[in-house]
Structure formats: structure tokens, C-alpha cells
2 protein chains.
Amino acid sequence: MTQSSEQAFLKSYNPKEYDTPIYSVDIAIFTLDQGRLKVLLVERSKHPFKGFWALPGGFVDLKKDPDIHTTARRKLISKTGVDAPLLEQVSTIGNGHRDPRHWSITTLYMALIPYAPTAEFIEAVNEARWFPIEEIEQLQLAFDHSELLKLARERLKNKTAYTVLPIHVLKRPFSLTQLQKAFELLMDTALEKKSFRRRLLNANVLKEVGEGIPDGGKGRPAALYEPADGSENHLFVRVFGD
Amino acid sequence: MTQSSEQAFLKSYNPKEYDTPIYSVDIAIFTLDQGRLKVLLVERSKHPFKGFWALPGGFVDLKKDPDIHTTARRKLISKTGVDAPLLEQVSTIGNGHRDPRHWSITTLYMALIPYAPTAEFIEAVNEARWFPIEEIEQLQLAFDHSELLKLARERLKNKTAYTVLPIHVLKRPFSLTQLQKAFELLMDTALEKKSFRRRLLNANVLKEVGEGIPDGGKGRPAALYEPADGSENHLFVRVFGD
DNA sequence: TTTATTATTGGCTAATCGCCACTATTGTCA
DNA sequence: TGACAATAGTGGCGATTAGCCAATAATAAA
């Protein structure tokens with residue numbers, strides 16, 4: 001994108017109503033792939049910020065969306081091809097400078113999704129890509145999306161310390177080692193093996209569903225688990241990690 | 001308000017833009033007075049829901065408000081006369097049925113404020129009143145404000161269990177007994193005295209600033225405290241209560 | 001059989017909570 | 001002036017849960 005074409009676009013943009021802000025929804029979609037935490041970004045095909053990478057998002061369809069959560073879900077599915085096991089609101093950011101067009105408000109959501117079911121769909125569309133989160137820090141994203149991503153990332157870290165959030169990024173069933181790895185990647189901290197297992201097992205949030213090959217293919221087979229019914233909302237009384 | 005005048009109002013309402021939702025900010029303002037948890041409500045003077053009690057709130061002033069947090073603060077001050085020591089975002093609710101006029105979105109904030117500095121101002125305006133929270137449950141509020149209040153109340157309970165939120169509803173300095181009472185009212189649970197004191201004192205979130213008369217005027221004088229610098233954001237590693 | 005590799009458990013210490021009885025300080029009142 | 005009522009504050013034990021780290025278990029490959 002060139003500076004001048006954006007200027008031209010801005011000049012031609014003429015909001016009819018000046019007393020109502022633009023409202024949109026943006027989603028930070030997280031997954032785990034190849035032992036790394038990744039985020040889905042889409043390349044903007046339109047001004048403003050044409051050509052920049054951005055969080056998936058868009059406007060409410062007043063005719064079709066019953067509520068904003070549905071808007072977020074619709075956008076999520078349109079970019080990944082599938083629904084996500086976790087989609088929740090993070091925060092709403094609104095001010096007069098985040099969008100060059102106008103006073104603008106966005107409600108930020110975060111989603112967790114296993115990698116596999118999304119891979120084929122996303123490779124087919126070339127405007128969307130999974131980025132390792134560290135790589136995004138070097139990128140200049142559209143609007144204030146770098147800050148939005150930081151907000152979602154923080155929420156993810158914090159919530160992982162007292163919930164079982166990471167069960168939503170794994171394909172099922174999973175071993176405790178895999179689950180621990182997921183916790184560690186989402187929290188960005190190493191966790192102590194025994195403490196981790198004790199915590200999860202004592203909480204009755206998992207049900208054993210057999211045994212499988214170990215992580216990495218070598219060594220003792222691991223017990224495999226799935227989330228127990230209703231465990232998604234489990235709250236630990238103590239935070240984990242330090 | 002009469003059914004027919006609301007009907008007439010709705011018939012005459014004609015939004016110019018159909019593809020953008022209404023956006024507003026609402027605030028659940030909590031205080032403690034006479035040993036009770038109270039919430040500020042305002043009586044609506046305009047349609048829709050004319051004559052109903054509602055949470056304070058309103059629209060963004062695109063000319064004056066740099067961001068939505070400022071919008072919330074402006075509304076808060078206009079109803080209470082003073083700023084609040086705690087104002088934070090709770091959640092954003094948006095759907096096609098919460099406002100009879102149009103698809104509508106609101107960002108809900110909650111505020112905590114000591115009672116005394118607000119009393120005079122609020123008694124002077126007769127469209128605003130502090131309601132004990134239990135009384136509000138019997139009331140039919142405007143729009144979906146009963147649900148919004150429930151959301152804010154839940155957030156208040158939850159956060160009180162792992163933060164020092166209640167320091168913001170007390171005038172300073174305060175005794176530990178007063179602070180415990182505040183915690184109990186905000187959490188809606190009885191707390192154990194020794195555990196409470198140990199928790200607060202060990203956390204280094206308070207500084208002693210003298211001694212004063214006991215709670216109720218009788219008995220041994222109590223040590224008085226103020227929040228220590230930076231203690232507002234203290235997070236306990238364990239939740240309290242039970 | 002040995003070894004490498006991953007999974008799982010044992011067991012001690014420390015922090016923090018629930019519980020509850022006990023002590024401390026003040027004013028009141030006979 | 002000496003009990004007593006009322007509120008503030010402490011002592012101390014058992015339970016839960018985290019950190020630590022070493023030991024044991026199961027499997028495949030050498």
C-alpha cells in the first residue's frame with residue numbers, strides 16, 4: 001500500500017452520521033502447532049491499512065446476527081472454517097484515534113482452537129495465515145491490533161493460571177504431558193511436572209480414556225484423557241506457577 | 001409512563017442509518033451506606049422506558065470524549081458529583097432486542113465509591129437515588145439493566161475474592177473490622193476474622209496510620225489503616241471465602 | 001540385557017486457609 | 001473501684017495445595 005492511495009481514500013471517505021462511532025468486533029484466535037503458540041492474521045484487502053496484517057474481525061450484520069457474540073463466531077468460522085471450543089470476550093476499546101476514518105469502537109474476543117481442523121481451510125485461503133506469536137511482535141499490524149493482541153495474550157496467560165483453558169487448544173484425547181506443554185506455552189512459563197499432574201488429577205476435570213504412544217514416539221506409553229463433563233468452567237482456588 | 005405514549009414514541013422514532021447499531025455506556029455504581037450495599041439508579045425522563053429506573057449511562061460525545069473510559073467517567077461524575085476511586089469495564093452486551101428502537105450495544109462499567117462525598121450532590125438531584133441492592137431485585141429496570149446489574153454484581157463478588165477491591169468503597173482511614181465488613185458485603189459471605197486479618201496484614205497492602213474509636217463506638221480502639229501505595233492492584237494467589 | 005526415553009509416583013517443606021479459643025483494651029455502671 | 005459488656009487482636013493446630021527433586025515404571029532400540 002502506498003501513502004498517497006491511503007490519503008486519497010481518506011479524503012474520499014465521508015461518514016454520513018457524525019455522532020455515532022464505528023463499531024466492530026475483532027478476534028485473537030490462538031492455536032498450538034509444532035510446539036509453538038500461533039495466532040491467526042488476515043491480510044487487509046481494503047483501505048485503511050490495505051496490505052497490513054490484522055486480527056480477523058468485522059462489522060455486525062444487523063439483519064443476520066442476533067448478538068455480538070454471534071458476530072464474533074461468524075467471523076471466526078469464516079476465517080477458520082470451523083467453530084472454536086472457546087470464544088470469549090476480552091475487552092472493548094473505543095477512542096477517537098484508533099481508526100483514521102472516524103471515532104471507532106471494537107470489542108475484542110479471544111478464541112482457542114485445535115490446529116488440525118483448521119489447517120486445510122486456512123491453507124486454501126491465502127489472505128489468512130497462522131503466525132508464531134513471537135514473529136508478530138516484529139510486525140506492524142493494522143490499527144491498534146498489536147495492542148489488542150497484547151491484551152488478549154495477557155488475558156490468556158492470566159486465565160490459564162486458575163482455569164483449564166488450555167484443554168481447548170488440544171485435539172482429544174491428550175496425555176498429561178501434552179496438556180502440560182499446552183499450559184506452558186499459553187502461560188509462557190515452565191511448570192513443575194509433579195505439581196501440574198497433582199493439580200489436574202485432583203481437580204477431577206479429566207477422564208481417562210485409554211493409553212497411547214508417548215510424546216515424541218519413544219518411551220513409556222502415556223495415559224490419555226479428555227475433559228470431564230462441565231470441567232470447562234473449573235476454577236482452581238489457587239493460581240499456578242510461582 | 002403509559003403504554004400508548006411509548007407506542008407513539010416508537011412509531012415516531014426513525015433511525016437514519018440502519019446498518020449501524022446504537023452504542024452506549026452504562027455504569028453500575030456501588031457504595032456502602034448504613035451497613036448495606038447500594039447501587040445508584042436514575043429515573044429515565046425520556047422514552048423509551050420513561051419513568052423507569054435505570055443504571056446511569058449515555059452516549060459517547062465524539063467531540064469531547066477521547067475514549068469510552070472517559071465517557072464512563074463523565075457520566076459517573078455527572079451523576080455523583082465526584083470521581084470514583086475505581087472504575088473498570090465489566091463487559092459489552094449487544095443484540096437486536098435489548099433496545100426497542102434499534103440494534104443496540106452497551107459497554108458496562110462498574111464503579112466503587114465511598115458514600116459520604118456523594119450524599120449531598122445526589123440528594124440535591126431528585127432523578128438519582130441510592131438503592132439497597134436487595135430492593136432493586138423487586139424493581140423492573142429499564143432495558144436489560146437488571147441483567148447488567150447482575151453481571152456487575154457477579155464481577156464484584158468474584159474480584160473481591162482475590163483482590164483488595166473493597167478498599168475503594170471506604171472513606172479513609174478505616175479499621176480492619178470496617179474493611180472486613182466491606183469485604184463481607186461485597187462478597188455476600190461471612191468471613192473468618194483471624195483469616196481475614198492475617199491475609200490482609202501479611203499482604204503488605206495496608207499502612208497503619210494511627211488509632212481510632214472502635215466500630216460501634218464501644219470497646220477497644222482499633223488500629224486505623226490506609227491502602228499502601230500501589231496496593232490497589234494486589235492479587236492474592238488464593239481466593240478467599242470457603 | 002542394557003540403555004535411552006518418556007511416564008508416573010513418593011515424600012518432604014512451605015505457604016495459606018478454616019477454625020476456635022484465648023487475651024487485650026476501653027467505657028459503663030452498680 | 002471493681003465487675004461486665006463490647007469490640008480489637010492473637011495463638012496455635014489441622015487441612016489443602018504448591019515447589020522441589022529423587023525414585024520407580026514401561027516401552028523401544030541397541
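Side chains are part of it too, since the values below use all heavy atoms of this structure and drop only hydrogens, waters and symmetry mates. A note on names: the letters A, B, ... follow the listed sequences, proteins ahead of strands, and every chain is numbered from 1.
Distance from the side chain of R238(B) is smallest for dT16(C) among the nucleotides dA18(D), dT9(C), dT16(C). The listed nucleotides are dT9(C), dG18(C), dA18(D); the one nearest the side chain of R197(A) is dT9(C). The side chain of S195(A) approaches dC20(D) more closely than any other nucleotide in the set dC20(D), dT6(C), dG9(D). Closest to the L176(B) side chain, of the nucleotides dT8(C), dG9(D), dC21(D), is dG9(D). Counting only heavy atoms from C-beta on, P221(B) has its side chain closest to dT25(C) among dT27(D), dT25(C), dT6(C).
T107(B) and Y23(B) are linked by a side-chain donor-acceptor pair at a separation below 3.5 angstrom, with hydrogens and angles left out of the test.
Computed from coordinates, the E192(A) CD to dA15(C) C1' distance equals 16 Å when rounded to whole Å. In this structure, L201(A) atom CG and dT17(D) atom P are separated by 13 Å, rounded to whole Å. Counting to the nearest Å, the P atom of dA18(D) and the CE atom of M187(A) are 12 Å from each other. For the pair E211(A) CD and dA26(D) C1', the interatomic distance rounds to 9 Å; values are reported in whole Å. Across the protein-nucleic acid pair, N202(A) atom CG and dA15(D) atom P stand 16 Å apart, rounded to whole Å. Between the CG atom of L224(B) and the C1' atom of dT26(C) there is a distance of 15 Å, rounded to whole Å. Put simply, CG on L191(B) is 15 Å from P on dA8(D), counting in whole angstrom units. One can place CZ of F196(B) at 12 Å from P of dA8(D), the figure rounded to the nearest angstrom.
Applying the 3.5 Å distance criterion, the base of dT8(C) shares a donor-acceptor pair with the side chain of K193(A). A donor-acceptor contact under 3.5 Å is formed by the side chain of R220(A) with the base of dA7(C). Side-chain atoms of R198(B) and base atoms of dG11(D) include no donor and acceptor less than 3.5 Å apart. At a cut-off of 3.5 angstrom, counting only N and O atoms as typed in the model, there is no donor on one side facing an acceptor on the other between the side-chain of K194(B) and the base of dG18(C). Below the 3.5 angstrom threshold, one finds no donor paired with an acceptor across the side chain of R199(B) and the base of dG18(C).
In this structure, T177(A) reaches the dA7(C) phosphate: one of its side-chain N or O atoms is under 4.0 Å from OP1 or OP2.
Mapping G241(B) and D215(A) onto DNA chain C by nearest heavy atom places D215(A) closer to the 5' end of the strand. Each of S175(B) and G217(A) was matched to the nucleotide of DNA chain D holding its nearest heavy atom; the match closer to the 5' end belongs to S175(B). Two residues, G216(A) and K218(B), neighbour DNA chain C, and the one matched to the more 5' nucleotide by heavy-atom proximity is G216(A).
A donor-acceptor contact shorter than 3.5 Å links the side chain of D67(A) to the backbone of H69(A). Using a distance-only test at 3.5 Å, with no hydrogens or angles considered, no donor-acceptor pair links the side chain of T106(A) to the main chain of L108(A).
Counting any heavy atom pair closer than 4.0 Å across all strands shown, F236(A) reaches no nucleic acid atom.
The CG atom of L165(B) sits 6.0 Å away from atom CD of E88(B), with the distance rounded to the nearest 0.5 Å.
Salt bridge absent: R129(A) and E43(A) never bring a charged side-chain N and a carboxylate O closer than 4.0 Å. Ion pairing of E147(A) with R98(A) is absent here, as no side-chain N (NZ or NE/NH1/NH2) approaches a carboxylate O to less than 4.0 Å.
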